[in-house]
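Everything on this sheet refers to the single structure shown next.
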Protein chains: 2
Amino acid sequence: MPTEDKEARFLQCIGEPTRLRIMKLLAGGERCVGDIVSALGREQSLVSHHLRALKDCNVVITRQEAQKVYYHLASPELAEIVLKSESLVTRLSLCQNGRCGE
Amino acid sequence: MPTEDKEARFLQCIGEPTRLRIMKLLAGGERCVGDIVSALGREQSLVSHHLRALKDCNVVITRQEAQKVYYHLASPELAEIVLKSESLVTRLSLCQNGRCGE
DNA sequence: CGTTCATATGAACAAATATTCATATGCCTA
DNA sequence: TAGGCATATGAATATTTGTTCATATGAACG
């Protein structure tokens with residue numbers, strides 16, 4: 001299993017709009033599932049599935065407190081790379097035209 | 001169309017093993033399609049499809065010379081972010097277990 | 001215990017994706 | 001202009017992915 005496969009999995013894992021929003025939220029500190037759900041305004045089940053995807057890739061870490069489960073980024077560098085790619089997308093005008101995916 | 005959507009498209013675009021390999025190749029300077037095909041050892045048609053995906057996202061730029069078409073990265077920062085994510089994946093042990101995608 | 005709250009899971013489905021195969025385009029040279 | 005390279009395109013297919021719905025787990029507290 002070459003290195004590129006894991007790297008691709010990682011990039012694909014964070015390369016999804018809902019998961020990106022979750023990561024940007026967590027960049028501001030840990031949040032419990034309920035907080036994330038109301039911040040995103042999406043279904044609890046959907047958020048839970050995405051959190052699992054992030055956790056399976058070791059992008060986030062969980063901590064349980066009573067009934068609540070708190071999520072935080074595995075490293076501040078993950079927030080950095082998200083910000084860096086955001087800046088790249090705007091500065092280089094990446095993925096603006098309709099041909100790109102859509 | 002929120003910013004996260006474009007960012008997600010970008011990350012998803014580069015988050016594919018074959019496209020990652022192409023980008024790492026192009027990090028060493030421009031290459032024509034034939035060079036990329038033989039470097040990767042994959043079908044010409046497949047490489048062409050992936051090159052198109054990269055081009056549609058403005059990640060690569062083309063230059064035609066006679067029958068050959070040369071591709072290069074739109075910015076050296078694209079090579080940087082690929083390297084940075086590679087280093088993150090190894091240092092943080094991201095996407096190692098089988099649950100992650102597979 | 002039974003109930004309520006917080007989160008996770010699993011099946012089902014639609015949409016997106018990577019790959020292959022076959023064919024088309026475009027540029028050069030004899 | 002005919003033929004050969006180099007690259008691109010399009011249809012077809014199998015796999016993966018995101019989302020929803022319904023239900024399950026598990027912790028607290030009466």
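Proteins get letters first, then strands, A, B, ... in listed order; numbering begins at 1 in each. Remember, predicted model here, so these are calculated numbers, not experimental data.
- Residues satisfying the salt bridge (Lys or Arg N to Asp or Glu O under 4.0 Å) test with A:Glu4, not counting sequence neighbours, are B:Arg21, B:Lys24.
- The separation between B:Glu16 atom CD and D:dT15 atom P is 17 Å, rounded to whole Å.
- For residues 44-51 of chain A, proximity to DNA chain D is found at A:Ser45, A:Leu46, A:His49, A:His50, defined as any non-hydrogen atom under 4.0 angstrom from a strand atom.
- Here D:dT16 presents its P atom at 15 Å from CD of B:Gln12, a figure rounded to the nearest Å.
- In this structure, CZ of A:Arg52 is placed 13 Å from P of D:dT17, rounded to the nearest angstrom.
- For the salt bridge (charged side-chain N to carboxylate O under 4.0 Å, His left out) condition, the pairs that include at least one residue of residues 43-53 of chain A, sequence neighbours left out, are A:Arg52-A:Asp56.
- Residue A:Leu40 is not grouped with residue A:Tyr70 when hydrophobic side chains (ILVMFWY) are merged at heavy-atom distances under 4.5 angstrom, including chains of intermediate members.
- Residues meeting the side chain to side chain contact (heavy atoms under 4.5 Å, CB included) test with B:Ser87, sequence neighbours left out: B:Arg91.
- One can place CZ of B:Arg42 at 9 Å from C1' of C:dA18, the figure rounded to the nearest angstrom.
- In this structure, B:Glu43 atom CD and D:dT9 atom P are separated by 17 Å, rounded to whole Å.
- Regarding contacts with the backbone of D:dA6, every side-chain N or O of B:Tyr71 stays at 4.0 angstrom or more from both OP1 and OP2.
- Contacts with DNA chain D (heavy atom under 4.0 Å) in residues 59-69 of chain B: B:Gln67, B:Lys68, B:Val69, listed by number.
- Near DNA chain D, meaning a heavy atom under 4.0 Å away, there are no residues from residues 26-34 of chain A.
- When heavy atoms are screened at a 4.0 angstrom cut-off, B:Tyr70 is found touching no nucleic acid atom at all.
- A donor-acceptor contact shorter than 3.5 Å links the side chain of B:Asn97 to the backbone of B:Cys100.
- Residues that satisfy the salt bridge (Lys or Arg N to Asp or Glu O under 4.0 Å) test with B:Lys68, not counting sequence neighbours, are absent from this structure.
- Straight-line distance from the CG atom of A:Asp56 to the C1' atom of C:dT9: 12 Å, rounded to whole Å.
- Look at CG on A:Leu54: it is 16 Å from P on C:dT7, rounded to the nearest Å.
- By the side chain to side chain contact (heavy atoms under 4.5 Å, CB included) test, A:Ala39 is found to be paired with A:Leu25, residues two or more places apart in sequence or in another chain being considered.
- The side-chain hydrogen bond (donor to acceptor under 3.5 Å, both in side chains) search around A:Gln44 returns none, not counting sequence neighbours.
- Remark: B:Gln67 pairs with no residue by the side chain to side chain contact (heavy atoms under 4.5 Å, CB included) rule, at least two apart or across chains.
- Every pair passing side chain to side chain donor-acceptor pair (under 3.5 Å) that includes a residue from residues 28-42 of chain B is listed here, sequence neighbours excluded: B:Glu30-B:Arg63.
- Under the side-chain hydrogen bond (donor to acceptor under 3.5 Å, both in side chains) criterion, B:Ser45 pairs with no residue at all, not counting sequence neighbours.
- For the pair A:Ile22 CD1 and D:dT19 P, the interatomic distance rounds to 10 Å; values are reported in whole Å.
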